Amino acid sequence: MLLQSPNHPNVWIFEHPVIQDKLTRIRDHKTNHATFRSLLNEIAGLMFFQLSRNFKTVETEVRTPIEKTTGQRLADPITLVPILRAGVGMTDGILGMIPEARVGHIGLYRDEETKTPVPYYCKLPTDIASGPVLLIDPMLATGGSASYAANVLREHGCDDIQMVCLVASPEGVSRMEKDHPTLKISTAAIDRCLNDQGYIVPGLGDAGDRIFGTV
Ligand code: PRP
Ligand code: URA
């Protein structure tokens, strides 16, 4: 149940009841960081299962204990790229589905005044462009962080990039549509708006703080 947003053709929304149930529990201000983290990883795993349905496969010979036959293997190496910190909160859930994925990291934080991303770390596989790349961040607010990270990936030659988040704002998806029109974004929700502090409303607060218990 991944539906294309009627207002944002670059965005697909997971309307699956199990994902929506977990999202609602995550939003709850009473949810502690241990539960928040498990729910987020569970959602990420469910999302990845759907997002990976178009990954290319190659026919491969395999010898079972009984006879030789053919099967399908994933054609290209998959790279997950969480944006630090909060993207890490979805990565284990996806690795649970695809343990062989490589993991690159892009470290960014939002300047509190300007709300623009400040880069502090980047480590990516040298051949990252040889397969699909999944950019991971639970929050797409102004879109500044995601747009910056997508630029970094493009500079590394990646053209097969999609983004997965948990909650997006209309402002963030519009920004991504403008900066990266071919990049598909999948999310569990597009919320109402941003507030004066650049937080998503109703949102879930500061994702990094809620994942890591640094509130
Ligand atoms: C949060 C979030 C995104 C960014 C989204 O990170 O995880 O990376 O804000 O905001 P934007 O769309 O306006 O750029 P934050 O800067 O709070 O850093 P943290 O994950 O280290 O807490
Ligand atoms: N970053 C967050 O963690 N939450 C928001 O609502 C916006 C940016």
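Ligands are counted one by one from 1 in listed order, and the atoms in each one are counted from 1 as well. Owing to the predicted nature of the structure, the values given are computational and were not obtained by experimental measurement.
Residue contacts with ligand 2 leave out Ser169, since none of its heavy atoms falls under 4.0 Å from the ligand. The closest approach between any non-hydrogen atom of Gly143 and ligand 1 is below 4.0 Å.
For atom 3 (O) of ligand 2, the closest heavy atom belonging to the protein is Ala207 N, 2.8 Å. In terms of protein heavy atoms, atom 4 (N) of ligand 2 is closest to Gly205 O, 2.8 Å. The single protein non-hydrogen atom nearest to atom 6 (O) of ligand 2 is Ile200 N, 2.8 Å, given as residue, atom name and distance. Looking only at heavy atoms of the protein, atom 5 (C) of ligand 1 is closest to Met139 O, 3.6 Å. Closest protein heavy atom to atom 14 (O) of ligand 1: Ser145 OG, 2.6 Å. Protein heavy atom in closest approach to atom 3 (C) of ligand 1: Asp137 OD2, 3.0 Å. When only non-hydrogen protein atoms are considered, atom 5 (C) of ligand 2 lies nearest to Tyr199 CD2, 3.4 Å. For atom 16 (O) of ligand 1, the closest non-hydrogen atom on the protein side is Arg110 N, 2.8 Å.
Note: the hydrophobic cluster containing Phe48 also contains Val167 (ILVMFWY, side chain heavy atoms under 4.5 Å, direct or indirect links). Residues Ile211 and Leu46 share a hydrophobic cluster, clusters being chains of Ile/Leu/Val/Met/Phe/Trp/Tyr side chains in contact below 4.5 Å. Put simply, Ile98 and Ile43 are part of the same group of oily side chains (I, L, V, M, F, W, Y) that touch within less than 4.5 Å, one to the next. No continuous path of hydrophobic side-chain contacts links Met163 to Leu2 [ILVMFWY only; heavy atoms under 4.5 Å].
Between Tyr120 and ligand 1, no N or O atom pair is found at a separation short of 3.5 Å. Not a single N or O atom of Tyr109, backbone or side chain, sits closer than 3.5 Å to an N or O atom of ligand 1. On a distance-only criterion, Ala141 and ligand 1 share at least one N/O pair closer than 3.5 Å.
For Thr60 and Arg73, the side-chain atoms include no donor-acceptor pair closer than 3.5 Å. Asp28 and Thr31 share no side-chain donor-acceptor pair at under 3.5 Å. Thr116 and Asp111 share no side-chain donor-acceptor pair at under 3.5 Å.
Residue Ala207 does not touch ligand 1, judged by heavy-atom distances below 4.0 Å. Proximity of Thr142 to ligand 1, defined as any heavy-atom pair under 4.0 Å, is shared by backbone and side chain alike.
Those atoms of ligand 2 with a heavy atom of Gly198 less than 4.0 angstrom away are 7 (C). Within ligand 2, counting atoms from 1 as listed, the ones closer than 4.0 Å to a heavy atom of Ala141 are 7 (C), 8 (C).
In this structure, Arg154 does not pair ionically with Asp179, as no charged nitrogen and carboxylate oxygen lie closer than 4.0 Å.
Arg85 forms no cation-pi arrangement with Tyr121, by the criterion of a distance under 6.0 Å to the ring centre and an angle within 45° of the ring axis.
Distance screen at 4.0 Å: atom 1 (C) of ligand 1 has no protein heavy-atom neighbour inside the cut-off.
Of the residues listed (Ile106, Ile94, Val88, Ile83), the one engaging Ile136 in a side-chain contact (heavy atoms from CB on, under 4.5 Å) is Ile94, and it is the only one.
Between the choices Met139, Arg210, Gln197, the shortest heavy-atom distance to atom 1 (N) of ligand 2 belongs to Met139.
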